[in-house]
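One structure is given here, and the rest of the page talks about it.
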2 protein chains.
Amino acid sequence: MSGMTIKDIARRCKVGVSTVSRAMNNHPDINPETKEMILREIKKANYVPNNSAQNLKRADAKAIAVLVKGIDNTFFSELVSVLEKCAHEKKYTCILQRVDEMEDELDVALQLVREKKLRGIIFLGGSFSHPKEKLAELSVPYVLSTIYVDAEKQGNCASVAVDDEKESCKMTEYLLDLGHRDIAILTARREDESIGKLRLLGYQQALSRHGIPFDESLVCYMDEKTDRYSFRSGYRLTRQLLERGRKFTALYATSDTLAIGACKALTEAGIRVPEDCSVAGFDGMDIGEYYNPGITTIRQPVEKIAEASARLLFDMIKKKNKPGHEIFEGELLVRSSTGEKR
Amino acid sequence: MSGMTIKDIARRCKVGVSTVSRAMNNHPDINPETKEMILREIKKANYVPNNSAQNLKRADAKAIAVLVKGIDNTFFSELVSVLEKCAHEKKYTCILQRVDEMEDELDVALQLVREKKLRGIIFLGGSFSHPKEKLAELSVPYVLSTIYVDAEKQGNCASVAVDDEKESCKMTEYLLDLGHRDIAILTARREDESIGKLRLLGYQQALSRHGIPFDESLVCYMDEKTDRYSFRSGYRLTRQLLERGRKFTALYATSDTLAIGACKALTEAGIRVPEDCSVAGFDGMDIGEYYNPGITTIRQPVEKIAEASARLLFDMIKKKNKPGHEIFEGELLVRSSTGEKR
DNA sequence: AACGTTTTCGGTAACGGTTCCGGAACTGTT
DNA sequence: AACAGTTCCGGAACCGTTACCGAAAACGTT
């Protein structure tokens, strides 16, 4: 029986509809006994309130959306999974929305909020820089997850991520400590503070600390149109790098996927990892542990990041908290893809 | 301005609300000119109809759900991604719902349908065997994707998958052709026709065709509670297998993730892949191509499977088509993790 | 017993759309 | 000019729920 409504329950229990409503939403003004009775009957009749009607009345759907750019990235799917779980625990519906690389995530968000009346949004991945006026149109709280954001610049949003610049610097220094001087890097080119840009900044910072001049010929940028953080791109970029002829003894790939693609390209070119060239990644995906060789990387605490994102968002929704910014520590995981320079 | 309703638009246009509604849902009974005018005004005012109100009235939400067991599996995230895209194209909302390993996916589906009034469901992964009476409660069409289903047994549903048994047989025969006789297998134990069971059946079939007796001591079953198709499980199971002392020259891991975990366990134990032991996977995930060694596998046409799933579902929703069953061919991808027995 | 207070409940108006129904305005026919 | 037929539109009922308001019932107080 699918066409069951609150009225049917009311009739069965011989009470008014409002009493049934009160029983379900544990309102105070109800006799515990009638409440028990109604709840029993509801369970027996297998009745579930119509979500659309609730949302309509509430003027506010008990839902959040997760917008993700490039869902094919494995790193995100774990994040999404945890996020969905968190929402579920709070009895929220979680709407997952892919955003094409070329689409404007803010437009998608705006549309979604108006259409579905949801209460909050979590943006995952990509860069995020939008004019303040347009941002102001977004009437619900949102958190930028895995997207670093200058607290000054973007006013009214929460964020959670690792400090990509710092962690990237940490990784580069580790490579430098191994004796490497010619360290190539695979990264994304973006004007604004995208992850790629930040990781490049950290790399440069480590270099300058050690008095090593930054050399553009060691940098290989992803093509914004065709590349993403995929094995394939790592492979492609590394081959491209190799063709330049510029020597390097370490390759910092700025993601585990890129690193794995890089390893394949290097191996094929007869360059042994790590004997001839060290390779480092970023993210700390499972595969890095099982790859051969194991990928040295910076582990991002995915679960913590996801939980914090959800927590921050729900705090803003409920308690109208001021948006917080949480930065987690990454962890340098040394495995066998890196070694001393020889 | 978020609190915009159809009435506001009607007022602005100096028409009735029903006319606005007609303009939006391209009904016939409307003057093209007024329709244009209203549509222009809607765009100008940035108005988006309230989804909940529409759904409430329609008694039927323009939405489908994708239920997936174990979203952490990379193989599924690509499927989900395509599925979401297909739904989006049809202007459908796609609700992604994780189902815990211990939860009953049918219960979740039933709840979801009642609550959200959605029009169809796609089940992904896991096994699927439910009593007919309970299945009958599910009032919307659904398709079982990546779950083989005996057309006789499950009546009223569509399905799309590769023929796991046949493909598995194909892989086993390939290993046999390489000269292997002692072929270990990692698989899931399930009473009903789950993927694990089917792949084991295919393995047995190939064996018997070649007159080789089936040997239980070469089979290593996943633990239903702790294992899933993950690197870790592949690693764990292989170590377990190794401890038995039963010799084998090939290991068929029934998934690429398991295969990669297996490679690591073997390598650590001083067993070279493929020189001392061949390893084969299943699924055709990207990582298999980039892993070292490249994983020999059966490639499932993920995109086709996803598209067919969506197509079948929408056909059933719209045209009340009788449920179809599509079986795709897998493709044997020979890479370097397998070699002749020596 | 009369009164205020509290507890518990039912009736009903929204929420924002869609759709049915009837009517006005226009067209063409006799 | 009278009429039927067509085109286009507005009014209003309705979808299932929540929340407000007022009332009945139960209780305590004097």
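Just so you know, these numbers come straight off a predicted model, no measurement behind them. Letters A, B, ... mirror the listed sequences (proteins, then strands); counts begin at 1. Heavy atoms only: backbone and side chains are in, while hydrogens, waters and symmetry mates are out.
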For atom CG of L56(A) and atom P of dA13(C), their distance in whole Å: 17 Å
Q54(B) side-chain N/O to dT18(C) phosphate OP1/OP2 under 4.0 Å: yes
Listed partners of Y47(A) passing ring pair (Phe, Tyr, Trp, His ring centres under 6.0 Å), at least two apart: none
Basic-acidic side-chain contact under 4.0 Å: D100(B), K85(A): no
Under 4.0 Å protein heavy-atom contact, by nucleotide of nucleotides 4-11 of chain C - B base, S sugar-phosphate only: ----BBBB
Atom of L56(A), atom of A53(B) and distance for their closest heavy-atom approach: CD1-CB, 3.8 Å
Taking distance alone, no hydrogens or angles, what donor-acceptor pairs closer than 3.5 Å link side-chain atoms of residues 303-315 of chain B to residues at least two apart or in another chain?
| from | atom 1 | to | atom 2 | distance (Å) |
| --- | --- | --- | --- | --- |
| S309(B) | OG | S145(B) | OG | 2.9 |
| S309(B) | OG | I305(B) | O | 2.7 |
| R311(B) | NH1 | E326(B) | OE2 | 3.0 |

Gap between atom CG of L83(B) and atom NE2 of H88(B) - 0.5 Å precision: 14.0 Å
Distance in angstrom units between R58(B) CZ and dT19(C) P, rounded: 7 Å
Plane angle bin for Y142(B) and F123(B) - parallel if under 30°, tilted between 30 and 60°, otherwise perpendicular: perpendicular
d(CD, E115(A); P, dG17(C)) in whole Å: 11 Å
Distance test, side-chain N/O of N55(A) to OP1/OP2 of dC15(C), below 4.0 Å: no
Nucleotide range of DNA chain D lying under 4.0 Å from chain B heavy atoms: dC8(D) to dG16(D)
Donor-acceptor contact present, side-chain R12(B) to main-chain E41(B), <3.5 Å: no
Whole-Å distance separating the NZ atom of K117(B) from the P atom of dG17(C): 21 Å
Backbone N/O of S52(B) and side chain of N50(B): donor-acceptor pair under 3.5 Å: yes
D104(A)/K134(A) ion pair, N-O < 4.0 Å: yes
Sidechain-backbone polar pair: H325(A) side chain, C157(A) backbone, donor-acceptor under 3.5 Å: yes
S21(B) side chain near dT18(C) phosphate (N/O to OP1/OP2, under 4.0 Å): yes
Separation of dG16(C) C1' from R11(B) CZ (nearest whole Å): 13 Å
Closest nucleotide among dG17(C), dT19(C), dC15(C) to the A53(B) side chain: dG17(C)
Residues that R40(A) engages under salt bridge (charged side-chain N to carboxylate O under 4.0 Å, His left out), provided they are two or more places apart: none
Atom-pair distance (NZ on K57(B); P on dT18(C)), nearest Å: 10 Å
Inter-axis angle, terminal five-pair segments of the helix from dA1(C)-dT30(D) to dT30(C)-dA1(D) [nearest 10°]: 50°
